Amino acid sequence: MSCGEHRASGSSAPAGSSKLGTGCAHSPLWRTTGRASATLAAQRGAPSSATVDSGCEQRPAPYAGVVRIDIVTIFPEFFGVLDISLLGKARERGILEVNVRDLRDFTHDKHRTVDDTPYGGGAGMVMRPEPWGEALDAMVSPTSTVIFPSAAGMPFTQSLAREFAEHDHLIFGCGRYEGIDQRVVEYAASVTSVYEVSLGDYVLNGGEVAAMAMIEAVGRLVDGVMGNPLSAVEESHSNGLLEYPSYTKPAEWRGREVPAVLLSGNHAAIAEWRITQQLARTRRVRPDLLPPESNANSVS
Ligand code: JB8
């Protein structure tokens, strides 16, 4: 399963979501910030990347193209860190274009209300659908992918990050309180592909931190975001095993020595040692990543 297939078929979105073929009734507000848009246009005709069959599972070709990211949130200041991170440089160079939009700008009442009490009762407040509808209408197009961080969503994985990195336009809808009125998700899914995605099995106070994590995971897969565009950016999950331990100078530190094999200059032995370390570490802390038969006789 390659990311190219995902993009071509648009079939990877969860059930209930769909792509609008043509004639979107909504006026997309392309943020035509000259330079980034020019880069985007130049990249439009670029062939999509293909999967390279390297024998490893799901080893993708280097990514190409520009990814545009819109973030809708009631805490726009949360995303200021994107300016100072690794991704900040990519933004400056127009490889990534990130726009943060304040949900309250899509309200019309004096108090810029974004929440209301839940139908059916219960604790907390729910985000009203109207501002979300207006926000989506201002930025969504049939080629957009809308992502709602949600504790009730599908797990975010490296393969989902790879897939998102191939999309032209990602919209992150960051909920707060008890979440967003579910009709907003249904509406978005009637316009384009929609994903409700969970960072993991724990509960956050809102979608912002989850969106930030996903943006970092996706951003580093976009060609040119990292210093070396052809480097193996996948690291820990490139072969489905956890990473081997790393060491640097000095060779002895506080009585602890670097494993001798790493100083041997024997590259075959080093490669074998690293794989062995990966397997041992994975069996110890993440046996779920190994095929079932690998765990059949493991004691713990
Ligand atoms: C309100 O735990 B989470 C998460 C929690 C949330 C919202 C989004 C994500 C919105 N609470 O991943």
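As the structure is a computational prediction, the values presented were derived from the model and not from experiment. We're numbering straight along the sequence, starting at 1. Whatever order the structure lists them in is the order used to number ligands and atoms, beginning at 1.
Atoms of ligand 1 lying under 4.0 Å from any heavy atom of V203, numbered from 1 in the order shown and given with element: 2 (O). Distances below 4.0 Å separate heavy atoms of G207 from the following atoms of ligand 1: 7 (C), 8 (C), 10 (C). Of all atoms in ligand 1, numbered sequentially from 1 with element shown, those under 4.0 Å from a heavy atom of Y177 are 1 (C), 11 (N). Residue P149 has at least one heavy-atom neighbour below 4.0 Å for each of these atoms of ligand 1: 8 (C), 9 (C). Shown in contact with Y202 at under 4.0 Å from a heavy atom are these atoms of ligand 1, numbered in order with element: 2 (O).
Using a 4.0 Å cut-off between a side-chain N of Lys or Arg and a carboxylate O of Asp or Glu, D288 and R286 qualify as a salt bridge. Checked for salt-bridge contact, E208 and R176 meet the test: a charged N lies under 4.0 Å from a carboxylate O. Of the charged side-chain nitrogens involved, at least one lies within less than 4.0 Å of a carboxylate oxygen, so that R112 and D105 count as a salt-bridged pair.
One N or O on the side chain of T192 and one on the backbone of S144 form a donor-acceptor pair closer than 3.5 Å.
Looking at ligand 1, you won't find any N or O of L199 less than 3.5 Å from one of its N or O atoms.
The parts of A151 lying near ligand 1 are both backbone and side chain, judged by heavy-atom distances below 4.0 Å.
For E272, the CD atom sits in a loose shell: 12 or fewer heavy atoms of surrounding residues, nucleotides or ligands are nearer than 6.0 Å.
For atom 2 (O) of ligand 1, the nearest non-hydrogen atom of the protein is L204 N, 2.8 Å.
The aromatic rings of H167 and F164 lie perpendicular to each other, with more than 60° between the two planes, well past the 30° mark.
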